[in-house]
**Student:** 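Could you have a look at this structure, given as structure tokens, before my questions?
Letters go in sequence order (proteins before strands), and every chain restarts at 1.
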Amino acid sequence: MSCPRFFSKTATEVVAHFVDSTEEFINLCSKGHLKEAVNRFKSEIWSDPTLFSHLIQSCTLKKSLSCSKQLHSLIVTSGCSSNNFICNHLLNMYSKIGQLQTAVTLFGLMPRRNIMSCNIMINANEQSGDLESARKLFEGMTKRNIATWNAMVAGLVQFEFNEEGLRLLSEMHQVGFLPDEFTLGSVLRGCAGLRGLDAGRQIHCYVVKGGFELDLVAGSSLAHMYMKSGSLVEGEKVIRLMPVCNVIAWITLIAGKAQNGLAEDVLDQYNLMRMVGFRPDKITFVSVISSCSELATLGQGQQIHAEVVKAGASLDVGVISSLISMYSRCECLDDSVKAFLECEYSDVVLWSSMIAAYGFHGKGEEAINLFEQMEQKEFEANDVTFVSLLYACSHCGLKEKGMEFFDLMVKKYGLKPRLEHYTCVVDLLGRCGYLDEAAALIRNMPVKANAIIWKTLLSACKIHKSTDMAGRIAEEILGHNPQDAAPYVLLSNIHASAKRWQGDSELREAMRERNVKKEPAKSLRLLLLNTPAGVPIRVMKNLRVCSDCHVAIKYISEIKNREIIVRDASRFHHFRNGKCSCGDYW
DNA sequence: ATAGGGTTAG
């Protein structure tokens with residue numbers, strides 16, 4: 001049997017030729033050779049206008065406005081500009097190359113818009129930051145598909161209207177749409193933003209029900225939600241159950257551990273990740289450097305800095321902000337400054353990091369100077385910036401400046417002071433000897449006091465040898481936690497330094513009566529005996545060593561010539577022969 | 001179409 005013949009070719013040959021040439025045309029488009037594609041396949045395009053879609057997609061990737069305009073004119077000349085399919089592609093192109101206005105005009109001219117057209121415009125408006133227009137479009141739609149709901153949920157979450165995103169999920173469910181992996185990814189991100197563990201667990205049920213547990217995106221989002229909401233165990237479980245992990249799943253786990261304070265585990269996990277063969281990227285570096293910063297492990301920090309440079313990630317503001325903090329906490333302020341100055345693009349967080357670094361090193365003037373420069377450059381300071389700035393002022397005894405900034409924060413920036421801000425101000429007033437004002441502030445502030453803020457005041461009493469007030473304050477702290485040894489110890493030291501031995505022995509009696517015990521520092525002593533001089537020690541968790549500094553000291557920074565350097569949140573303690581540089585024995 | 005990050009008081 002022979003095939004019918006078209007001219008000199010069989011039908012099969014014609015089809016084969018057609019498939020071949022379409023393939024070649026698509027190939028040219030995907031490589032960006034638009035002119036060649038148009039010239040060689042003019043007749044094919046004219047007979048099948050849907051082929052224009054490939055040209056449009058190529059133009060979208062090129063992000064070239066002139067290319068897009070030429071192509072658009074060509075489409076108009078070909079007479080298929082009323083084709084919905086082509087029009088939707090054009091809408092998408094204009095929105096992706098940042099020509100929202102053109103897309104809006106085109107959308108307005110379309111005679112028969114379909115759901116797809118509206119979906120594209122919802123996404124386009126969201127991407128250009130206009131959530132309201134997206135919402136209006138969404139609300140005006142009589143028919144929606146799953147992508148419509150997904151676009152709106154994603155937009156709401158993107159602009160941190162997380163609760164509303166969750167509400168929309170239940171609304172879509174009510175009208176009969178089951179969430180897919182895209183919806184779930186978005187709402188889980190919303191739950192993470194809300195630290196909403198309960199809502200997140202409910203979404204987890206949807207994930208299981210839809211069979212998306214093993215989906216990389218849904219799985220990572222789920223794990224991220226758990227870890228951001230403080231449930232590291234559940235998050236880790238989700239990741240471990242995933243049969244295939246990619247870089248993002250790894251980093252989700254690493255970042256989760258970093259955020260939950262497991263800095264040591266972060267470094268282990270990071271090394272493991274590299275052994276398995278994943279390449280770290282800038283987001284990995286940020287998490288890892290922050291952990292080095294928390295541990296004050298300079299050597300590891302420097303090594304990772306080198307890797308950052310090698311990976312070409314050294315220009316990222318996020319990476320640089322974490323480097324500034326790491327070097328500052330490792331006593332290398334010069335390197336912090338260097339990193340700060342080398343940064344080409346800057347933002348609030350970068351400036352805040354540098355202000356914090358100066359404050360950490362007791363350089364109040366420099367911190368203030370930087371803040372003023374920041375204001376001149378019209379960067380909007382945030383609440384964290386002010387914590388660092390106030391901290392810098394209090395550590396340098398700059399009372400007037402500090403109070404001025406506190407005022408500025410409330411009045412000019414409209415920020416509501418948090419407990420951290422009040423603690424800085426109490427420290428500021430207390431250090432400068434305004435003990436009564438500091439106490440009054442704690443009693444009158446609109447947020448609930450915690451033991452830390454009272455302890456801050458107690459330290460100030462110690463500096464100014466005010467035993468009477470210290471006694472009253474110690475009672476208040478013990479009201480928060482009667483078993484806390486720190487106020488007794490502080491009070492005892494205050495009595496001792498004021499040479500009131502009577503008060504001191506009464507206090508020790510009270511401690512015995514209430515069965516309060518001060519933790520001995522056995523572990524540190526053992527470490528010192530068993531570790532050869534000059535060997536760096538990485539981390540010791542929950543180590544209490546210095547009772548005089550009244551802060552739980554957590555990390556050993558290094559051991560040099562049998563001298564141990566320990567870091568707490570605000571300063572370095574040098575221990576030699578069992579004696580701390582701040583004067584206390586352990 | 002969708003996922004992961006940086007600065008913060010004692």
Side-chain angles (χ1 to χ4, degrees), chain A residues 92 119-120 122-123 126-127 146-148 150-151 153-155 157-158 180-189 192 212 215-225 227-228 239 246-256 258-259 281-290 293 313 316-326 328 347-357 359-360 381-392 394-395 417-428 450-460 486 549-553 568-571:
Chain A
N92 188 46
N119 290 354
I120 292 170
I122 290 176
N123 281 316
E126 283 167 359
Q127 268 178 19
I146 182 94
T148 319
N150 286 349
V153 172
V157 171
Q158 190 193 321
D180 65 5
E181 69 264 48
F182 295 99
T183 337
L184 294 171
S186 297
V187 267
L188 283 168
R189 197 174 138 201
F212 300 119
D215 179 84
L216 271 175
V217 180
S220 302
S221 312
L222 187 61
H224 179 229
M225 179 281 296
M227 296 190 283
K228 196 101 183 173
I239 300 266
N246 62 1
V247 196
I248 297 185
W250 270 94
I251 297 162
T252 306
L253 186 60
I254 292 181
Q259 284 156 3
D281 65 356
K282 53 186 182 181
I283 297 183
T284 326
F285 289 133
V286 166
S287 295
V288 181
I289 295 167
S290 306
S293 155
D316 184 82
V317 243
V319 173
I320 295 179
S321 304
S322 55
L323 280 173
I324 290 174
S325 169
M326 186 274 290
S328 150
D347 67 2
V348 207
V349 179
L350 183 85
W351 286 79
S352 305
S353 315
M354 199 58 231
I355 291 173
F360 191 80
N382 63 20
D383 53 340
V384 181
T385 320
F386 278 104
V387 172
S388 306
L389 187 63
L390 292 170
Y391 171 71
S394 84
H395 277 241
R418 287 188 278 120
L419 192 55
E420 285 91 336
H421 298 113
Y422 287 112
T423 310
C424 286
V425 177
V426 166
D427 195 41
L428 179 66
N450 63 359
I452 293 173
I453 195 165
W454 284 114
K455 284 187 203 172
T456 306
L457 183 53
L458 201 48
S459 315
C549 307
H550 75 85
V551 179
I553 297 164
D568 69 27
S570 59
R571 57 197 136 171

**Student:** Please confirm whether the shortest side-chain N or O distance from A:His395 to OP1 or OP2 of B:dG10 is below 4.0 Å.
**Tutor:**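 For B:dG10, OP1 or OP2 has a side-chain N or O of A:His395 closer than 4.0 Å.
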**Student:** Restricting to salt bridge (charged side-chain N to carboxylate O under 4.0 Å, His left out), what partner residues turn up for A:Glu126, sequence neighbours left out?
**Tutor:**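 Partners of A:Glu126 under the salt bridge (charged side-chain N to carboxylate O under 4.0 Å, His left out) test: none.
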**Student:** Just the rounded figure in Å: distance from C1' of B:dA1 to CG of A:Asp180.
**Tutor:**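 For the pair A:Asp180 CG and B:dA1 C1', the rounded distance is 10 Å.
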**Student:** Provide, to the nearest angstrom, the distance between the NE2 atom belonging to A:His421 and the P atom belonging to B:dT8.
**Tutor:**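 Distance check: A:His421 NE2 to B:dT8 P gives 13 Å.
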**Student:** Can you tell me how far P of B:dG10 sits from CD1 of A:Ile453, to the nearest Å?
**Tutor:**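 So the two atoms are 11 Å apart, to the nearest Å.
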**Student:** Name the one of A:Leu390, A:Val426, A:Leu389 that satisfies side chain to side chain contact (heavy atoms under 4.5 Å, CB included) with A:His421?
**Tutor:**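 That would be A:Leu390; it is the only one of A:Leu390, A:Val426, A:Leu389 passing the side chain to side chain contact (heavy atoms under 4.5 Å, CB included) with A:His421.
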**Student:** Find the distance A:Glu420:CD to B:dG10:P and express it as a whole number of Å.
**Tutor:**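 In whole Å, B:dG10 P and A:Glu420 CD are 11 Å from each other.
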**Student:** For nucleotides 2-7 of chain B, give me one character per nucleotide, 5' to 3': B if any protein heavy atom sits under 4.0 Å from the base, S if the only such contacts are to the sugar-phosphate, - if neither.
**Tutor:** BBBBBB
**Student:** Go through the structure and list residues passing salt bridge (charged side-chain N to carboxylate O under 4.0 Å, His left out) with A:Asp383, not counting sequence neighbours.
**Tutor:**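 With sequence neighbours excluded, A:Asp383 shows a salt bridge (charged side-chain N to carboxylate O under 4.0 Å, His left out) to A:Arg418, given in chain and number order.
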**Student:** Between the side chains of A:Thr183 and A:Asn150, does any donor sit under 3.5 Å from an acceptor?
**Tutor:**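 Yes - a donor-acceptor pair under 3.5 Å links their side chains.
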**Student:** Round to the nearest Å and state the distance from A:Tyr391 atom OH to B:dG10 atom C1'.
**Tutor:**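 Atom-to-atom, A:Tyr391 to B:dG10, this comes out as 9 Å.
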**Student:** Answer whether the closest heavy-atom distance between the side chains of A:Trp351 and A:Thr385 falls below 4.5 Å.
**Tutor:**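 No, too far: nothing below the 4.5 Å cut-off.
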**Student:** Using atom CG of A:Asp427 as one end and atom P of B:dT8 as the other, report the distance to the nearest whole Å.
**Tutor:**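 Interatomic distance, CG of A:Asp427 to P of B:dT8: 17 Å.
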**Student:** Would you kindly say whether A:Ser353 and A:Ser325 are connected by a side-chain donor-acceptor distance under 3.5 Å?
**Tutor:**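 On atom types as modelled, these side chains do not qualify, holding no pair under 3.5 Å.
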**Student:** Expressed in angstrom and rounded to an integer, what is the separation of A:Lys455 atom NZ from B:dG10 atom P?
**Tutor:**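 After rounding, the gap between these two atoms is 13 Å.
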